[in-house]
Amino acid sequence: MKNINTEHEYREQINQEGLTVGIFTTTWCPDCKRLDMFIDEITQEHKDKQWFTIDRDEFPEISEEQTVMGIPSLLVFKNGEKVAHLHSANAKTPEAVNEFLKDL
């Protein structure tokens, strides 16, 4: 999974033709740590998608632009457009994340 370090990298990632899943997170978030425990298995099951992480605190403008209010949040992009958003309250279990991804 790619870790975003610049806004340019972020723009490149979301402008892919295929589906790209961005995980908005931070270093201090307990729910993000919980997500870390199972997200690798999920990314392996969904290799048809590009995956990246972005620290909400390092990129507050991007988070605001994408209406990321809570973390962790999973956003799905295609050709630069957000096509789906799994809000933090619903991103706490592997079952919830898989349910979200299966409909894409």
Side-chain angles (χ1 to χ4, degrees):
M1 185 171 342
K2 181 177 177 82
N3 185 37
I4 299 298
N5 296 304
T6 67
E7 184 173 344
H8 179 74
E9 286 178 340
Y10 164 76
R11 301 285 174 208
E12 281 185 338
Q13 280 296 132
I14 69 167
N15 282 306
Q16 303 287 323
E17 282 187 32
L19 292 177
T20 301
V21 182
I23 302 173
F24 284 70
T25 185
T26 66
T27 57
W28 52 264
C29 161
D31 288 338
C32 299
K33 302 288 186 218
R34 186 176 311 131
L35 178 70
D36 286 345
M37 292 191 291
F38 62 81
I39 197 65
D40 287 341
E41 291 177 27
I42 291 174
T43 62
Q44 290 301 310
E45 294 170 17
H46 294 273
K47 289 185 176 184
D48 59 322
K49 300 165 185 66
Q50 298 288 322
W51 290 82
F52 71 89
T53 61
I54 184 168
D55 189 307
R56 186 192 72 171
D57 290 346
E58 290 181 26
F59 298 95
E61 302 85 12
I62 292 172
S63 298
E64 185 175 318
E65 168 188 314
Q66 295 301 336
T67 320
V68 173
M69 304 306 245
I71 48 172
S73 286
L74 280 71
L75 282 67
V76 182
F77 300 92
K78 185 174 184 176
N79 296 322
E81 297 294 321
K82 182 169 70 172
V83 296
H85 188 149
L86 182 65
H87 296 276
S88 59
N90 302 316
K92 294 183 181 186
T93 66
E95 296 80 17
V97 174
N98 276 318
E99 182 70 22
F100 168 71
L101 293 170
K102 80 173 186 150
D103 295 329
L104 301 173

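None of the values given here were measured: they were computed from a predicted structure.
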Engineer: Grab the two heavy atoms, one from Glu9 and one from Asn3, that are nearest each other, plus how far apart they are.
Structural biologist: OE1-O, 3.8 Å
Engineer: Using 0.5 Å steps for rounding, measure from the CD atom of Glu65 to the CZ atom of Phe59.
Structural biologist: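 Answer for the CD-CZ pair, Glu65 versus Phe59, is 12.5 Å.
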Engineer: How far apart are the closest heavy atoms of Thr20 and Gln13, and which atoms are they?
Structural biologist: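 Scanning both residues, the minimum pair turns out to be OG1-O, 3.2 Å.
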Engineer: Step by step, work out the side chain to side chain contact (heavy atoms under 4.5 Å, CB included) result for Lys49 and Leu104.
Structural biologist: CA-CA 10 Å; Lys49 300 165 185 66; Leu104 301 173; 4.2 Å; yes
Engineer: Between CD of Glu7 and CD of Glu58, what distance do you get to the nearest 0.5 Å?
Structural biologist: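 Reported to 0.5 Å precision, the distance equals 13.0 Å.
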Engineer: Starting at CG of Asp36, measure out to OG1 of Thr53 and round the result to the nearest 0.5 Å.
Structural biologist: 8.5 Å
Engineer: Under the criterion side chain to side chain contact (heavy atoms under 4.5 Å, CB included), I'd like the reasoning laid out for Asn98 against His46: C-alpha separation, chi angles, the key distance, then a yes or no.
Structural biologist: CA-CA 9 Å; Asn98 276 318; His46 294 273; 3.4 Å; yes
Engineer: Using a cut-off of 6.0 Å, state whether more than 12 heavy atoms not belonging to Met69 lie near its atom CE.
Structural biologist: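 Incorrect, the count does not exceed 12.
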Engineer: More than 12 heavy atoms of other residues, nucleotides or ligands under 6.0 Å from CD of Gln16: is that the case?
Structural biologist: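 Counting other residues, nucleotides and ligands, CD of Gln16 exceeds 12 neighbours.
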Engineer: Do Phe77 and Ile54 share a hydrophobic cluster (ILVMFWY, side-chain heavy atoms under 4.5 Å, transitive)?
Structural biologist: yes
Engineer: Can you tell me how far apart CD1 (Ile62) and CG (Leu75) are? Round to the nearest 0.5 Å.
Structural biologist: 11.5 Å
Engineer: Group every Ile, Leu, Val, Met, Phe, Trp and Tyr by side-chain heavy-atom contacts under 4.5 Å, then state whether Leu19 and Phe100 land in the same group.
Structural biologist: yes
Engineer: Should the pair Lys78-Glu81 be classified as a salt bridge under the 4.0 Å nitrogen-to-oxygen rule?
Structural biologist: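 Between Glu81 and Lys78 there is no salt bridge, as every charged N stays at least 4.0 Å from the carboxylate O atoms.
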Engineer: Taking only Lys NZ, Arg NE, NH1 and NH2, and the carboxylate oxygens of Asp or Glu, determine whether Asp31 and Arg34 approach each other closer than 4.0 Å.
Structural biologist: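 Salt bridge flag = yes for Arg34 with Asp31.
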Engineer: Establish whether Phe38 and Phe24 are linked, either directly or via other cluster members, by ILVMFWY side-chain heavy-atom contacts under 4.5 Å.
Structural biologist: no
Engineer: So, for Val21 and Leu101, which heavy atoms are closest and what is the spacing to 0.1 Å?
Structural biologist: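 Shortest heavy-atom separation between Val21 and Leu101 comes out as CG2-CD2, 4.3 Å.
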Engineer: Verify side chain to side chain contact (heavy atoms under 4.5 Å, CB included) between Ile14 and Lys82, making sure each step is shown before the conclusion.
Structural biologist: CA-CA 8 Å; Ile14 69 167; Lys82 182 169 70 172; over 6 Å; no
Engineer: Rounded to the nearest 0.5 Å, how far apart are OG of Ser73 and CG of Leu35?
Structural biologist: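 Here the interatomic distance stands at 10.0 Å.
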Engineer: Give the minimum heavy-atom separation between Trp51 and Ile39, together with the two atoms involved.
Structural biologist: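 Reported closest heavy-atom pair: CZ3-CD1, 4.2 Å.
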Engineer: Which atoms form the tightest heavy-atom contact between Pro72 and Ala91, and what is the distance?
Structural biologist: O-CB, 3.9 Å
Engineer: Using 0.5 Å steps for rounding, measure from the OH atom of Tyr10 to the CD1 atom of Ile4.
Structural biologist: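 Separation between the atoms: 9.0 Å.
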Engineer: Can you see which heavy atom on Ile23 is nearest to which on Met1, and at what distance?
Structural biologist: CD1-SD, 3.8 Å
Engineer: Test Ile71 against Trp28 for side chain to side chain contact (heavy atoms under 4.5 Å, CB included), laying out the working first.
Structural biologist: CA-CA 10 Å; Ile71 48 172; Trp28 52 264; 4.0 Å; yes
